[in-house]
K.L.:
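My questions will all concern the structure given below.
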Amino acid sequence: MPSNPIEIQIKSLRKKIEELNYQYYVLDDPSYPDSHYDKLINELVLLEQNNPEFITNNSPSQRVGGQALSSFSRITHLTPMLSLDNVFDSDSFNKFYERISSKLGNGHSLKFTCEPKLDGLAISCVYKNGNLIHAATRGDGRIGEDVTHNIKTISSIPLKLRGDFPDLLDVRGEVFMPKASFEKLNKNAIENGDKVFVNPRNAAAGSLRQLDPKITAQRKLSVYFYALGVAEFGNEQAGSNIAQEGYENIQEKLDHYLANSHFERLKQIQSWGLPICNEVELRSDDIACLEYFKEIGDKREQLPYEIDGIVYKIDSILEQKKLGFVAKAPRWAIAHKFPAQEEITILKDVDFQVGRTGAITPVARLEPVFVGGVMVSNATLHNKDEIDRLDIRVGDYIVVRRAGDVIPKIVNVVLDKRNNNTSPIIFPKKCPICQSDLEKETDQAIYRCTGGLICSAQKTQSIIHFVSRKAMNIDGLGDKLVEVLCENNLIDNVADIYQLSKENLIDLERMAEKSANNLLLAIEKSKQTSLAKVIYALGIREVGEVTAMNLANNLLDFKNIANSSLEDLEKIEDIGPIVAKHIVAFFKNKNNLQVINSLIDFGIYWPKIQPKDESELPLLNQTWVLTGSLSQLKRADAKTLLQLLGAKVSGSVSKNTNCVVAGESAGSKLTKANDLGIKVITEDEMLMIIESFKNVKPSVEQ
DNA sequence: CTACCTCGAGCTCA
DNA sequence: CTCGAGGTAG
């Protein structure tokens, strides 16, 4: 116990503040006015300022925002953050229900936890021994951004857990800005002439991406937690990571620490001091779920936060485990989205864009319209067939929908409103840029410009592709600059980039000494690259990142690729007759060969790829067996990865088996492996092994 | 497809 | 202050 009276006072203040937070945010019971809370916080901040030796990093005083960061760092999630499958109508939900109910096949109706789907951003918070250690955004699901400094300013996020919490906890939730905070924020912004946010979601996202947490602290964000990532009690895992044990064992542990019910687990999460949405309910079957959807839909406007649908999750954790995962989403949950928002606007014009491959894409220019939380002014019309299907004319009133929250779609024309001022969309007969003829392959919808590189649009686009991040990765050379360089005839093909001089650049707008130097440096840096990137950068039709990688790894050498016959190419994974034809044609083209030669003359180089020898196959002569359902990889992918390391992947366990990888609900193979005393590892462990060998692969740099 | 944040650098005007 | 580039999110 602390003996210093000031320390005692500080600790008691913290305790009082935490208690108030808990009452307010978790129990939803504001027993004291805000002013009381503010008074306590001010008192604490003052005391800590005068006695800095007692400051801790989970003191509630941290909520006003500490030091600004200089950059975001990355955090690997303890277990991946998955996404959810969507349905947009009850029919699709019914199909989902039938699918899983037949899969579980136990005859009784399935219980679901129903939760409003908050429109914010997903975060993961990690607590060790009850203290908030860090918080991260979703990122790509595996690695997210460290936003701990901003998360700490959210008053509803406990810095310390209470109750019977796990020693290690990774809890997932949604950060959002309540409607009221959003309105207040924008009202202030208007008064101060600051910029206003277009919707609460973007305001929340923008606030979390702030380097200076003091700004975040002023934006009243909130959070509801909805899932457990990892929970460890003592040394034993009781979270969702259990893999290598039979059901009985899992059940035993669950009984001990965590409920076998998602709904009950949410209550447990709540009992640890983490706020849960109070609209969450347990429903007994599919019909009750749809009733819930209706009920929440009816009071959607009245809710203090924005939601975009309902999430149904199978309540039984054991049933969840039986169902497992598809790709990046669980099979046992689904998001039922509210109908996509639609608005009527006017089609002002249609532009025809020419892409890198000559594809002509009609782009609708719309009278800007606010739909689904953003201003939409452009939408793709895809191709001629789509224009015909919609029977759309310039000047028409059209319905724009933003479904799945991303790409706007022109749904139909409001024919009733069509007037005499409309004019038909004339699909061009010639390329709008270079006037070359267009061609269309039978049974394909896309028209293409036949101009090739004499078409300035194709030329520019192919250069933009060449310099892009996944290709040659020339930093600082963006779309706009490429266009300017092309317009000024400073470059005509991708090789010309490498003979740009400072004198060339410096006359351009917004391009002075410093920028020119930086660009030349970046160009120089890009010369060192890899074979796969060069192949990708060339922009051969149908050859994307993956195919380029396959070509590089299989044929090992540029000359091999350039001289391959159709037959050679078709032997490679994922390359069929069409792709092979494109590759052969590309390397037959004199012009292309000339550009490639120039590139090499200008000093583009890449490390030779060594054919794999035995020393690079750490699992050579080993036999591995996969069993149970894997959650992160498809079975076939796991097999390929192991084979790449030299292992033989067999279907059954025998005394010759070296290692068994057991996924969720592994069965007899696992039992047999245990009987024979064969090494058994989890999916995560396998991934770690694969990852570790990746790193020791002999380096082929320089 | 849009919105947002951050950064470096150029431009502009005092 | 403004712009473009780069990155993130849904």
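To find a chain, count down the sequence lines: A is the first, B the second, and so on, and within it residues start at 1.
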K.L.:
Look at the side-chain N and O atoms of A:R510 and state whether any lies under 4.0 Å from the OP1 or OP2 oxygen of C:dA5.
P.N.:
no
K.L.:
Roughly, in whole Å, what's the span from CG in A:D308 to C1' in C:dA9?
P.N.:
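It is 13 Å, rounded to the nearest whole Å.
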K.L.:
Contact class for A:F72 vs. all strands (heavy atom < 4.0 Å): base, sugar-phosphate, or nothing?
P.N.:
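No contact.
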K.L.:
To the side chain of A:I407, which of B:dC1, C:dG10, C:dG4 is closest?
P.N.:
B:dC1
K.L.:
Would you tell me if any nitrogen or oxygen in the side chain of A:N518 comes within less than 4.0 Å of OP1 or OP2 on B:dA9?
P.N.:
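Looking at the OP1 and OP2 atoms of B:dA9, one of them is under 4.0 Å from a side-chain N or O of A:N518.
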K.L.:
The side chain of A:S515 is closest to which nucleotide in this list: C:dG4, B:dA9, B:dC1?
P.N.:
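Output: B:dA9.
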K.L.:
Within the 4.0 Å heavy-atom criterion, would you say A:T380 contacts the bases, only the backbone, or no part of the nucleic acid?
P.N.:
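Contact class for A:T380: none.
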K.L.:
Choose from C:dG7, B:dG10, B:dA3 the nucleotide whose nearest atom is closest to any side-chain atom of A:R469.
P.N.:
C:dG7
K.L.:
Taking only the side-chain heavy atoms of A:M375 (C-beta and beyond), determine which of C:dT8, B:dA3, B:dT6 contains the nearest atom.
P.N.:
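So the side chain of A:M375 is nearest to B:dA3.
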K.L.:
Who pairs with A:R138 by side chain to side chain donor-acceptor pair (under 3.5 Å), at least two apart in sequence or on another chain?
P.N.:
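A:R138 satisfies side chain to side chain donor-acceptor pair (under 3.5 Å) with no residue once adjacent residues are dropped.
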K.L.:
Between C:dG6 atom P and A:R209 atom CZ, what is the distance in whole Å?
P.N.:
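The answer, rounded to whole Å, is 16 Å.
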K.L.:
Heavy atoms from C-beta onward define the side chain here; which of C:dG4, C:dG10, C:dT8 lies closest to that of A:R74?
P.N.:
C:dT8
K.L.:
Look at A:E545 together with A:K533 and state whether they make a salt bridge at an N to O cut-off of under 4.0 Å.
P.N.:
no
K.L.:
Does A:N202 put a side-chain nitrogen or oxygen below 4.0 Å from OP1 or OP2 of C:dG10?
P.N.:
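No, no such contact exists.
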K.L.:
Distance check needed: C:dG6 P versus A:D479 CG, whole Å only.
P.N.:
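Going from CG in A:D479 over to P in C:dG6 covers 8 Å.
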K.L.:
So which one's nearest nucleotide on DNA chain B is more toward 5', A:G373 or A:E513?
P.N.:
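That would be A:G373.
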K.L.:
Taking A:D170 first and then A:R172, would you say they form a salt bridge - that is, a charged N and a carboxylate O separated by under 4.0 Å?
P.N.:
yes
K.L.:
C:dA5, B:dC4, C:dA9: which one has an atom nearest the side-chain heavy atoms of A:K480?
P.N.:
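Looking only at side-chain atoms, A:K480 lies closest to C:dA5.
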K.L.:
Can you tell me if the side-chain N/O atoms of A:K195 get under 4.0 Å from OP1 or OP2 in B:dC5?
P.N.:
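For A:K195, the contact criterion (side-chain N or O under 4.0 Å from OP1 or OP2 of B:dC5) is met.
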K.L.:
Counting any heavy atom closer than 4.0 Å, what does A:G144 reach on the DNA or RNA strands: base, sugar-phosphate only, or nothing?
P.N.:
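If one applies the 4.0 Å heavy-atom cut-off, A:G144 turns out to touch nothing in the nucleic acid.
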K.L.:
Whole angstrom is fine here: how far is it from CG in A:N517 over to C1' in B:dA9?
P.N.:
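Between C1' of B:dA9 and CG of A:N517: 13 Å.
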K.L.:
Less than 4.0 Å between a side-chain N and a carboxylate O, is that true for A:D91 and A:K95?
P.N.:
no
K.L.:
So which nucleotide from B:dC5, B:dC1, C:dG10 ends up closest to the side chain of A:P408?
P.N.:
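From the listed options, B:dC1 comes nearest.
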K.L.:
Reckon A:Q210 has a side-chain N or O less than 4.0 Å from the OP1 or OP2 of B:dC4?
P.N.:
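No, A:Q210 has no side-chain N/O under 4.0 Å of OP1/OP2 on B:dC4.
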K.L.:
Please give, in whole Å, the distance from B:dG10 C1' to A:I506 CD1?
P.N.:
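The distance from CD1 of A:I506 to C1' of B:dG10 comes to 12 Å, rounded to the nearest Å.
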K.L.:
Are A:K313 and A:E115 within salt-bridge range, i.e. N to O under 4.0 Å?
P.N.:
yes
K.L.:
Measure from CD on A:Q341 to P on B:dC1 and round the result to the nearest Å.
P.N.:
19 Å
K.L.:
From NZ of A:K470 over to P of C:dG7, roughly how many Å is that when rounded to an integer?
P.N.:
11 Å
K.L.:
What I want to find out is whether A:E513 reaches A:K502 closely enough, with some N-O distance under 4.0 Å, to be called a salt bridge.
P.N.:
yes
K.L.:
Taking only Lys NZ, Arg NE, NH1 and NH2, and the carboxylate oxygens of Asp or Glu, determine whether A:R74 and A:D146 approach each other closer than 4.0 Å.
P.N.:
no
K.L.:
Across the strands shown, which category fits A:L208 at heavy-atom distances under 4.0 angstrom: base, sugar-phosphate, nothing?
P.N.:
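No contact at all - A:L208 keeps every heavy atom at 4.0 Å or more from the nucleic acid.
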K.L.:
To the nearest angstrom, how far is A:R201 atom CZ from B:dT2 atom P?
P.N.:
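The answer, rounded to whole Å, is 15 Å.
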K.L.:
With heavy atoms under 4.0 Å as the rule, sort A:A379 into base, sugar-phosphate or nothing.
P.N.:
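The residue A:A379 makes no contact with any strand.
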K.L.:
Any base atoms under 4.0 Å from A:A205, or only sugar-phosphate, or nothing? Heavy atoms, all strands.
P.N.:
nothing
K.L.:
A:S70 near the nucleic acid: base, sugar-phosphate alone, or nothing, with a heavy-atom cut-off under 4.0 Å?
P.N.:
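Answer is sugar-phosphate: A:S70 comes under 4.0 Å of backbone atoms only.
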K.L.:
Taking only side-chain nitrogens and oxygens of A:T137, does any of them come within less than 4.0 Å of OP1 or OP2 of C:dT8?
P.N.:
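So the side chain of A:T137 is outside the cut-off, no N or O lying under 4.0 Å from OP1 or OP2 of C:dT8.
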